[in-house]
Amino acid sequence: MMNELLLVVSVLGSHVSEEDKEGRISERFVPVADCLNWLQDLQRALRSDKDDLRPIANQLGTWKVVEEKLIPIALVKRDDPDTILTLAKLFVILTKPMTKAAKQAALINIDVKSKKFSEETIQDQVSLKENALLQSKYLMEYKRLFLKEGLLEVFVDLMQVPLSKTEQKRDDKDNSTIELVLHLIRNLLCAEPVVKNSTSLVNEDIRIHHQLIAVFQKELVFDIMVFLGEGISHKKNERWNLLIMEILHFLVRNQDPSMTAKSDDMVIGSSSNMGNDENKRGGGLSAARKREKAKLSSVTNKGARHSRFGGTLKLKDTSKVLKASSTSNSACAARRKNKQTAAFTADARGYESSYLGTFLTKIAMESFKALNSFSRSFVEKCYGPVMKSLKDEFRRDSNRLEANDKVVFFKVVWFFSVWQRTHLELGGGSSSSSARVSGTAGVGQLLFTLDLFSFNLVTSACETFIAEKKPTALTQAVALYKEMVKLLSIMNSSPDESQSIMSLGLQNQLYFASEPKDKVFKLLSAWKSGTQSKQYLCDLVELVHETIKLQDLSRRKWKKEVEDISSKGRKEKSVTDEYKENCVSFELDKYVGRAVSSGAIKVYTHLLREYSTNGIETNHHIVSFFTRLCKHKMEVVKTVFDEGDGKAALAVVKEEAVTLEPLLFNMELMIIYDRILHDKACAVGSEFGELIKFVTTIVRHFATAAQRNPLLCVEGLFHVGVRYRRHCEMVTNSYLDEKTLSGGREEYTVGSDKDEEENEKQGESNWIVGKKDEGESEAEWSEAEDGVAVESNGAGGGEESEDGLGMVGSDSSDDEGERDQKAENRRAKKEAKKLAKEERRRKKKFSNEEDAIIKSAFFVHPTEDTAIEAIIQEETMKQGAKDAKKVRRRARVLGLLGEKEQEQKQEQEKEQESAGASATNQDNEDRWNDNRKFVPKSKSKRKSYGQEEMGEEGAGKKRLKKLGGQGGAAEDDDETILAGAAGGSGYGGGARLFYSDDDSE
């Protein structure tokens, strides 16, 4: 096979040296006359190649056939359409993406010294890995070769004639040619190193990809894609929709949409961080570097002469003992640690790491501008038709779809959503870019992916990815979910009323309907430590934040209009009016209360642990959530019963406001608080000011609460379970039983323990994230709202005003009037507890009179239901608050439950037994009459016969009893024998009276 392949390759053509007039020698490739036939032979050989190993393709790569033979033929024979078409088929086969098995073989770790596998197995694994790495190497080489000037133009020209025809005039050959070139473009974009174990390899891949994007812009590949996208709705063009989706996916892979959208304002040599917006992304490498420098400078400025050494020697007063300060060593250790964690920034989605924190090169700048120009044309002209065609494929669950197509679709929609949102945010900026989208233009054609079907597709995919344990796919779905909610917020605040109404209708289906389609609670409850990336966690936090913000803004926007409609008293209301009423009447506080859970505390604790590498907004989300937690008051209504009349009377016992702040008093969070307060980089950096103020306030409140309740220090060592509200109430009230005080009943106005258990079971635990954006109500700690005092500096000094957050404790006071009031409250609690206890005991017990009523009713009434119904109507039962459930339980204790059914069953059994006995007696009588002929007629013989068989009278009676007879002592005559037989247990017992072994007759 290899000899034949070598023959085909060698006869394709050769290089000839030529000398021009000036004496310069150049080489020119001269193909053979029948080059097309040899190319077709090579095509047939490649078609027989194995998909996983590709030995023929690897051999051609080793011989450098593409570089030395095929590409020169394409440049020489560019005017021969048949030859170029055959070469296109060869390049499509050679650049075909690696199979899944080959990628897995390239990533496998082989232990050569392992004794678990035989040497043959290890050698097979080594050969498979080498083969896979060789495939990846040649794919990247082919991608680099297509950067040669004029080469891609040769294959793009193949589509010139087919595209010049209308859809009706194109034949199958034209459509196949277009599809072939699109496959070649897809394969070139898809190529990337399968193993990225070196920085140079990654940088080379990024550089080649940027160059290829610039070549596509130059060779009008992007214009062709826009043209095909505009006509994708035609029936003959629908076959390319999934192929165009794959091209878009590989085109925007590892590309930052925000940087792409801002590329019009960038210049060569500018910092790439301007596109990432460090404050929004989460700091990045440059921010971590600044913090490290601040930490080192704060340490080295404290009298250390040589910062590179382990420490400096100091004299301790007059003891003359030399000691070494280890601050420099700790700073160096912290610096190394920050370098390790700096890579896990908030938005580390896999963007080009070599361009973050560096300067943009000419190649990268051209690539960003080319991609930005294509994105603008695609969104304005063909985004809607392409996405509508793709949604139709998902709607009818087409058999053309592959397993990973849904994630690819999410990636494409996410990129253009972020790009469009960034353009809208830049709409009111400088006018240096004439191609910017106007801020009043709204979301444009992105409405095609903001319908109810798109939301259902994303939410259902999230549930599927959670069930199938696909963290990477789930991360992409949540990122798209977040961007869709952001675009809904833009539509809601748009001056175009039609977009506002559309946003309101979607919100009604997502949040305000009887069966909302919101899956935020499900996503939050499904999170587990170690299973998802930090990026997923940051996206989830932002998703919840945007959801709360959207609901709050919508409610305030339509509140005045709904009030006007209610004042006018319209009888007939439109669907839009109903949507507006649902939005205004939506209980956001209750929604927030249901979201709080101990699981959310764990999630935010996990995210707060990485505060040094979090973005400013991420830390703000954490602080805002914890602030809402501290301001979330649980109002308890206590019911105390009056023993006199037996009726319930409402009595409110004066208690301190109970909040959920004790959930923040656990050991894990306290350790993080200590790290933040002792981190000198946080004290220097202004981005941590809000975080330091919050931590200072929480620590101060914990100290005050622990002074009142020392057991709070022990409570922090244990995890709070499902009944976290009960825990907060008990800690706040120093472990007094509030249920006892309330007579066994208590109601929370904003959530209860029962809601907590249901939320935990159904997975409806949530985070509530605050944000200090314009137009959003923020749960700030201010004296104007709740009298909360937060220091203006991070040290926690200064005087402190009255705590009004509903905190666990307040500053202790020695005022005598306050102590008297507390003593009075304690006495009121004891009295209420005593009354409630007596009332419960009275209601729990049944008196003798009530037991007599129950027994008599069960004796009189035929069924249990009628008896219980008659019992609960009695005046005595009503006064004692005895319901049907309690009566039925008491009847079971008294042994009355089911008694009537048992009596009926016994009667039926007796009737069946009597019927069986009568049948047996009749049968015995018939047999007695039949057997009388065997008895001797003479009295003497008959007497001897009877004595021989039964013995004397006592023996006869004993025999009858043994056989089950019930007859008493009687004369030894026929009637006695018959009576004994009739009283037997059956036919067999009577038969044995007349047949014996001695009777041969």
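Since we're looking at a predicted model, the values are computed, not measured.
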When rounded to the nearest 0.5 angstrom, what distance separates [atom1] in [X] from [atom2] in [Y]?
X	Y	atom1	atom2	result
Phe409	Leu390	CZ	CG	6.0 Å
Ile676	Leu691	CD1	CG	4.0 Å
Lys406	Leu401	NZ	CG	8.5 Å
Phe250	Glu192	CZ	CD	8.0 Å

Pairs of donor and acceptor atoms involving the side chains of residues 447-459, under 3.5 Å and at least two apart or interchain, shall be tabulated with distances.
residue: Thr449; atom: OG1; partner: Tyr383; partner atom: OH; Å: 2.9
residue: Thr449; atom: OG1; partner: Leu446; partner atom: O; Å: 3.1
residue: Asp451; atom: OD1; partner: Lys391; partner atom: NZ; Å: 3.4
residue: Asp451; atom: OD1; partner: Ser454; partner atom: N; Å: 3.1
residue: Asp451; atom: OD1; partner: Ser454; partner atom: OG; Å: 2.5
residue: Asp451; atom: OD2; partner: Lys391; partner atom: NZ; Å: 2.7
residue: Asn456; atom: ND2; partner: Leu452; partner atom: O; Å: 3.3
residue: Thr459; atom: OG1; partner: Phe455; partner atom: O; Å: 2.9
residue: Thr459; atom: OG1; partner: Asn456; partner atom: O; Å: 3.1

Take the angle between the ring planes of Tyr604 and Phe626 and call it parallel below 30°, perpendicular above 60°, tilted in between. tilted

Say whether Asp496 and Ser498, considering side chains only, have a donor N or O and an acceptor N or O under 3.5 Å apart. yes

Quick one: do the Asn372 and Ser375 side chains pair a donor with an acceptor below 3.5 Å? no

Any donor-acceptor N/O pair, Gln445 side chain to Gly384 backbone, under 3.5 Å: yes

Walk me through whether Ser554 and Gln507 qualify under side-chain hydrogen bond (donor to acceptor under 3.5 Å, both in side chains). CA-CA 9 Å; Ser554 299; Gln507 292 178 52; 2.7 Å; yes

Taking the six-membered ring for Trp and the full ring for Phe, Tyr or His, determine whether the centres of Tyr591 and Phe521 are under 6.0 Å apart.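 Distance test on ring centres: under 6.0 Å, yes.
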
For the rings on Tyr511 and Phe586, is their centre-to-centre separation under 6.0 Å?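 No, ring centres 6.0 Å or more apart.
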
Might you confirm whether atom NZ of Lys388 has over 12 heavy atoms from other residues, nucleotides or ligands at distances under 6.0 Å?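 Open.
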
N-O pairing of Glu546 and Lys482 below 4.0 Å: no

Charged N to carboxylate O below 4.0 Å: is that the case for Lys549 and Asp552?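 Here Lys549 does not pair with Asp552 in a salt bridge, since their nearest N and O are not under 4.0 Å apart.
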
